[in-house]
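Whatever order the structure lists ligands and atoms in, that order sets their numbers, starting from 1.
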Amino acid sequence: MYTQAIDVGPVDATASRSTTPQDDEFLKRIARDEKIEPQDPMPEAYRKTLIRQISQHAHSEVVGMLPEGGWITRAPSLKRKEILLAKVQDEGGHGLYLYSAAETLGVSRAELIDALHSGKAKYSSIFNYETATWADIGTIGWLVDGAAIMNQVPLCRCSYGPYARAMIRICKEESFHQRQGFDIVRTLCQGTPEQKAMAQESINRWWWPTLMMFGPHDADSPHTGQATAWGIKRITNDDLRQKFVDVTVPQAEFLGLTLPDPDLKWNAARGHYDIGRINWDEFRRVVNGDGPCNAERMHDRVKAFDDGAWVRDAAAAHAAKAAARYATSPDTRIAA
Ligand code: BYC
């Protein structure tokens with residue numbers, strides 16, 4: 001449904017100022033679209049920007065397991081339960097690849113998780129909304145994963161090698177997630193009038209928060225200019241949001257659903273859909289901790305982390321024992 005091959009165009013590294021010969025060489029590599037690897041020299045600000053974005057992304061994947069996880073036991077059939085279980089596990093896996101990618105920049109996982117739990121680090125605003133009905137699971141797959149793919153496919157071309165490579169597998173899995181969500185919504189739309197109404201009510205609640213996932217308008221985005229010049233972001237927030245709207249409107253029409261925006265209309269001159277005004281006050285409230293489910297999500301995440309302490313302790317003890325065995329007798333390596 002979504003291409004894995006969005007054309008991202010060349011990087012315009014001229015927007016970056018180089019202050020040292022080393023920075024100069026770095027910017028030339030960015031302009032040549034070379035991948036920057038962990039051992040390569042890089043400006044400190046580039047490293048920090050990547051840690052910020054990759055760790056926020058990792059946190060979003062892990063917190064994103066919570067709104068859907070609560071529906072695993074309530075999915076309407078064994079098949080739907082199996083699919084949802086696999087999807088939620090995939091999100092956990094995405095978090096792990098992304099934490100690993102962030103660690104290559106010299107930050108520890110413990111520091112990153114601490115920043116999430118203390119409220120210092122952000123995660124996507126979208127996961128602070130309630131999953132009140134089964135239709136919300138379909139809507140998350142169709143709209144939220146759909147928006148995520150639109151944002152993440154260009155990240156497969158990001159200038160930092162470990163992030164770009166992690167995104168390739170993540171995007172393939174997200175495509176499956178998007179299709180399973182669309183399939184749930186389509187099934188509801190072809191069901192009873194009550195089921196279709198449930199789907200419509202869900203879309204009404206999720207449409208605007210989904211558009212907020214792409215971040216503030218380009219003019220109000222403090223990071224887009226530099227991140228684009230460094231080849232981290234390859235397409236801006238507004239351009240990605242527009243691409244998402246343009247592919248999603250026909251899908252909603254196909255399903256017989258309406259999108260809750262009276263100003264949504266095709267603009268033939270632009271060759272795109274126009275949309276109404278996004279409620280940025282709501283966005284800021286949710287990002288700053290005052291959304292419908294922020295407190296609940298953070299409580300559940302910290303509890304899950306604390307409840308899992310014994311698993312981490314056991315894994316660390318096992319690894320230490322295996323390393324000690326291997327140090328005295330390298331033949332034990334395979335058994336370890
Ligand atoms: N929510 O200058 P900007 C998933 C923050 S997981 C919260 O545009 P940037 C899934 C932004 O961090 C989806 N905060 O920043 C998982 C910055 O704050 P700081 C997650 C937001 O970084 C499970 C400030 O606003 N995807 O799909 O250039 C189940 C200024 O913004 C948001 C990713 O993380 C937001 N929506 O661009 C299902 C993708 N938007 O750090 C699905 C990777 C903005 O200055 N990340 N902010 O305090 C990105 O592409 C970019 O980081 C963003 C923001 C487009 C999100």
Exercise for review: Check each of Pro216, Ala148, Gly92, Ser125 against atom 35 (C) of ligand 1 and report the one with the nearest heavy atom.
Suggested key: Ser125
Review point. For ligand 1, does Ile140 get within less than 4.0 Å through its side chain, its backbone, both, or neither, judged by non-hydrogen atoms?
Key: neither
Check your understanding: Looking only at heavy atoms, is any part of Ile126 under 4.0 Å from ligand 1, and if so is it the side chain, the backbone, or both, or is it neither?
Key -> neither
**Study point:** Nearest option to atom 23 (C) of ligand 1, as decided by whichever heavy atom of Met213, Gln226, Met212, Glu91 sits closest
**Key:** Glu91
Review point. What protein heavy atom is closest to atom 40 (N) of ligand 1, reported as residue, atom name and distance in Å?
Key: Gly215 CA, 3.2 Å
**Study point:** Protein contact to atom 10 (C) of ligand 1 [nearest heavy atom, distance to 0.1 Å]
**Key:** Phe127 CZ, 3.3 Å
Review point. Should you measure from each heavy atom of Ser60, which atoms of ligand 1 turn up under 4.0 Å away?
Key: 6 (S), 16 (C), 20 (C)
**Study point:** Those atoms of ligand 1 less than 4.0 Å from some heavy atom in Asp145
**Key:** 38 (C), 42 (C)
Check your understanding: Any idea which protein heavy atom is nearest atom 15 (O) of ligand 1, and the distance to it?
Key -> His223 CD2, 3.4 Å
Practice item. Would you mind listing which atoms of ligand 1 come within a distance below 4.0 Å of any non-hydrogen atom of Tyr163? Key: 43 (C)
**Study point:** Non-hydrogen atom of Ala227 closer than 4.0 Å to ligand 1
**Key:** no
Exercise for review: Heavy-atom distances under 4.0 Å are what count here, so tell me which part of Phe214 touches ligand 1: side chain, backbone, both or neither.
Suggested key: backbone
Review point. Looking only at side chains, do His177 and Asp90 share a donor and an acceptor under 3.5 Å apart?
Key: yes
Practice item. Go through the side-chain N and O atoms of Tyr123 and His57 and say whether any donor and acceptor fall under 3.5 Å apart. Key: no
Review point. Under 3.5 Å, is there a donor-acceptor pair between the side chain of Asp263 and the main chain of Arg277?
Key: no
Exercise for review: Measure the distance from atom 39 (C) of ligand 1 to every protein heavy atom, then report the residue, atom name and distance (to 0.1 Å) of the closest one.
Suggested key: Asn151 OD1, 3.0 Å
Exercise for review: Could you tell me if any non-hydrogen atom of His94 lies under 4.0 Å from any atom of ligand 1?
Suggested key: no
**Study point:** Heavy-atom pair of closest approach, residues Ser124 and Ser60
**Key:** N-OG, 2.9 Å
Review point. Do Tyr99 and His59 make the cut of ring centroids closer than 6.0 angstrom?
Key: yes
Revision key, fill the gap. min-distance protein heavy atom vs atom 12 (O) of ligand 1 -> Gln56 OE1, 2.8 Å
**Study point:** Separation of Ile54 CD1 from Ile232 CD1 (nearest 0.5 Å)
**Key:** 8.0 Å
Revision key, fill the gap. among protein heavy atoms, the one nearest atom 47 (N) of ligand 1 is Phe283 CZ, 4.0 Å
Check your understanding: Heavy-atom contacts under 4.0 Å between Val286 and ligand 1: side chain, backbone, both, or neither?
Key -> neither
Check your understanding: Is the His272 to Trp266 ring centre distance short of 6.0 Å?
Key -> no
Check your understanding: When rounded to the nearest 0.5 angstrom, what is the spacing between CD1 in Ile83 and CG in Leu78?
Key -> 10.0 Å
Exercise for review: Using a distance threshold of 4.0 Å (strictly less than), state whether atom 30 (C) of ligand 1 has a protein heavy-atom neighbour.
Suggested key: yes
**Study point:** Nearest neighbour of atom 16 (C) of ligand 1 from the list Glu61, Gln152, Lys233, Gln53, on a heavy-atom basis
**Key:** Glu61
Check your understanding: Is there a donor-acceptor contact under 3.5 Å from the side chain of Arg234 to the main chain of Arg157?
Key -> yes
Check your understanding: Can you name the one residue among Lys87, Gln178, Gln180 that meets side-chain hydrogen bond (donor to acceptor under 3.5 Å, both in side chains) with Asp145?
Key -> Lys87
Exercise for review: State whether Arg47 and Glu44 are salt-bridged, where the test is any N-O pair (Lys NZ or Arg NE/NH1/NH2 against Asp/Glu carboxylate O) under 4.0 Å.
Suggested key: yes
Check your understanding: Looking only at atom types and distance, does a side-chain atom of Thr131 sit under 3.5 Å from a main-chain N or O of Pro67, one as donor and one as acceptor?
Key -> yes
Review point. So, for Val287 and Ser125, which heavy atoms are closest and what is the spacing to 0.1 Å?
Key: CG2-CB, 4.0 Å
Practice item. List every atom of ligand 1 that sits less than 4.0 Å from any heavy atom of Glu68, numbering the atoms from 1 in the order shown and giving each element. Key: 29 (C)
Check your understanding: For ligand 1, does Arg52 get within less than 4.0 Å through its side chain, its backbone, both, or neither, judged by non-hydrogen atoms?
Key -> side chain
Revision key, fill the gap. The closest protein heavy-atom partner of atom 8 (O) of ligand 1 is Asn237 ND2, 2.8 Å
Check your understanding: Which is it for Lys122 and ligand 1 at heavy atoms under 4.0 Å: side chain, backbone, both or neither?
Key -> side chain
Exercise for review: Would you verify that at least one protein heavy atom lies under 4.0 Å from atom 44 (C) of ligand 1, or report that none does?
Suggested key: yes
Practice item. Please confirm whether the backbone N or O of Asn128 pairs with a side-chain atom of Asn294, one donor and one acceptor, at under 3.5 Å? Key: no
Exercise for review: Establish, from distance only, whether the side-chain atoms of Asp136 and Tyr129 form a donor-acceptor pair under 3.5 Å.
Suggested key: no
Check your understanding: Quick one: does ligand 1 sit under 4.0 Å from the side chain of Tyr123, the backbone, both or neither, non-hydrogen atoms only?
Key -> backbone
Revision key, fill the gap. Nearest non-hydrogen protein atom to atom 2 (O) of ligand 1, with distance, is Ser221 OG, 2.7 Å
